[in-house]
Protein chains: 2
Amino acid sequence: MLSKKTKYGLKALTYLASQKGNTPVQISEIAQHENISQKFLESILLSLRKSGFLGSKKGKGGGYYLIKKPEEVLMTDVMRVLEGPIAMVPCVSLNFYEKCDDCPDEDACSVHTLMLKVRDSTLEVYRNNTLADLVK
Amino acid sequence: MLSKKTKYGLKALTYLASQKGNTPVQISEIAQHENISQKFLESILLSLRKSGFLGSKKGKGGGYYLIKKPEEVLMTDVMRVLEGPIAMVPCVSLNFYEKCDDCPDEDACSVHTLMLKVRDSTLEVYRNNTLADLVK
DNA sequence: CTTTTACCCTATAGATTTAATAGATTAATA
DNA sequence: TATTAATCTATTAAATCTATAGGGTAAAAG
């Protein structure tokens with residue numbers, strides 16, 4: 001299941017990408033427009049800023065804005081920040097690899113093999129989609 | 001993340017499929033061989049039986065056995081029973097569809113569109129893999 | 001210096017997952 | 001029929017994760 005964090009994060013990014021200029025948009029405006037709990041959205045936007053997707057400006061006229069062009073924002077990167085590993089099992093994860101403690105031989109593990117295929121196909125989708133594709 | 005239930009279930013099915021005959025295999029044997037908590041596995045095998053993948057035999061010489069040939073057991077079906085919906089969001093699920101309460105228009109939702117693509121690609125993997133493929 | 005807005009920290013109710021425990025039931029066999 | 005080896009059933013505990021609320025801080029602008 002996709003977490004609400006990811007869902008809200010994607011919606012917020014899309015909303016920002018659909019904006020005309022790059023002028024900051026307030027949290028409250030995004031929250032209202034996308035039906036999101038403002039407090040929750042606050043923490044999501046913060047993590048998107050810390051990971052380099054968004055910039056922010058405090059005070060009057062402040063808010064969040066995209067740092068890169070939507071075409072340059074890959075879904076692989078967004079998803080890893082919001083949702084975490086793309087793989088369904090740590091032992092097939094590229095960026096979050098971890099050995100299974102119960103499984104002696106990865107290559108002989110049926111789960112490993114299957115989940116490798118799933119990861120590859122999911123990864124291909126994310127690699128071929130940018131934030132610009134979400135706006136359409 | 002794949003739940004341990006699913007992981008263990010897949011391993012157990014694979015173990016059964018790798019057996020020579022169709023003679024019942026005891027829970028304890030599977031648990032030991034695959035490093036799984038026996039009691040937990042018990043409940044997993046039970047649900048696999050109730051959903052028509054396994055048969056069981058009580059008493060001495062009893063255990064669990066596959067009902068169909070491994071080649072006939074599709075991963076789509078197995079995964080839906082063990083893990084639940086294949087889609088990451090209910091609004092793109094074929095078998096567990098549910099409308100999002102926050103989203104007024106599905107077709108205009110960026111999350112919906114992206115997750116539809118992910119679902120399709122994942123589904124294709126599961127459709128093209130049977131239990132027989134896991135044994136190899 | 002006042003207003004506005006992002007930033008940061010903490011707490012928590014609820015759900016889900018992953019078991020552990022204890023016993024009941026069934027069936028084969030000696 | 002007594003014994004034994006299994007599956008079945010129910011309860012519940014522990015741990016983790018999710019989604020959110022509350023309250024206070026810091027900085028930018030006018």
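Every chain is numbered from 1 and lettered A, B, ... according to where its sequence line falls, protein lines coming before strand lines.
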Could you tell me whether [X] contacts a base, only the sugar-phosphate backbone, or nothing, with contacts defined as non-hydrogen atoms closer than 4.0 Å?
X: B:K50; result: sugar-phosphate
X: B:I27; result: sugar-phosphate
X: B:K39; result: base

Quick check for you: among [options], whose closest atom lies nearest to any side-chain atom of [X]?
X: A:K4; options: D:dC8, D:dT20, C:dT5; answer: D:dT20
X: A:K58; options: D:dT7, D:dA26, C:dC8; answer: D:dA26
X: A:S3; options: D:dA19, D:dT7, D:dA6; answer: D:dA19

Rounded to the Å, how far apart are [X] [atom1] and [N] [atom2]?
X: A:I30; N: C:dA6; atom1: CD1; atom2: C1'; result: 12 Å
X: A:L16; N: C:dA6; atom1: CG; atom2: P; result: 11 Å
X: B:E42; N: C:dA24; atom1: CD; atom2: P; result: 15 Å
X: A:Q26; N: C:dT3; atom1: CD; atom2: C1'; result: 13 Å
X: B:L48; N: D:dC8; atom1: CG; atom2: P; result: 12 Å
X: B:I44; N: C:dT18; atom1: CD1; atom2: P; result: 9 Å
X: B:L54; N: D:dT7; atom1: CG; atom2: C1'; result: 13 Å
X: A:D101; N: C:dT18; atom1: CG; atom2: P; result: 13 Å

Side-chain N or O of [X] closer than 4.0 Å to phosphate OP1/OP2 of [N]:
X: B:Y8; N: C:dT17; answer: no
X: A:R49; N: C:dA6; answer: no
X: A:S37; N: D:dA21; answer: yes
X: A:K57; N: D:dA29; answer: yes
X: B:S43; N: C:dA19; answer: no

Discussion item. Ignoring hydrogens, what is the shortest heavy-atom contact between B:A31 and B:L41? Give both atom names and the distance.
Written reply: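 Minimum heavy-atom contact is N-CD2, 3.6 Å.
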Item to complete: Of all the heavy-atom pairs spanning B:M79 and B:Y126, show the shortest one and how long it is.
Response: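 Nearest pair, atom of B:M79 first, then B:Y126: CE-OH, 3.4 Å.
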Discussion item. Taking the nucleotide of DNA chain C with the nearest heavy atom to each, does A:G62 or B:Q38 sit closer to the 5' end?
Written reply: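 Its nearest nucleotide lies further toward 5', so the answer is A:G62.
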Worksheet item: Say you draw a straight line from OG of A:S3 to CD1 of A:I44; how long is it, rounded to the nearest 0.5 Å?
Response: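 CD1 of A:I44 is found 8.0 Å from OG of A:S3.
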Item to complete: Starting from the 5' end of DNA chain D, give me the residue, A:K60 or A:F40, whose nearest nucleotide shows up first.
Response: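 Residue closer to the 5' terminus by nearest nucleotide: A:F40.
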Fill in: Check against side chain to side chain contact (heavy atoms under 4.5 Å, CB included), B:K7 and B:I36
CA-CA 10 Å; B:K7 188 181 179 186; B:I36 303 172; over 6 Å; no
Practice prompt. Start with the C-alpha distance between B:K39 and B:E42, add both sets of side-chain angles, then the distance that settles salt bridge (charged side-chain N to carboxylate O under 4.0 Å, His left out), and finish with yes or no.
Written response: CA-CA 5 Å; B:K39 269 298 179 184; B:E42 210 174 299; 3.3 Å; yes
Practice prompt. Quick one: sort the A:H33 and A:Y15 rings into parallel, tilted or perpendicular, breaks at 30° and 60°.
Written response: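 Taking A:Y15 first and then A:H33, their aromatic rings sit tilted (interplane angle of 30° to 60°).
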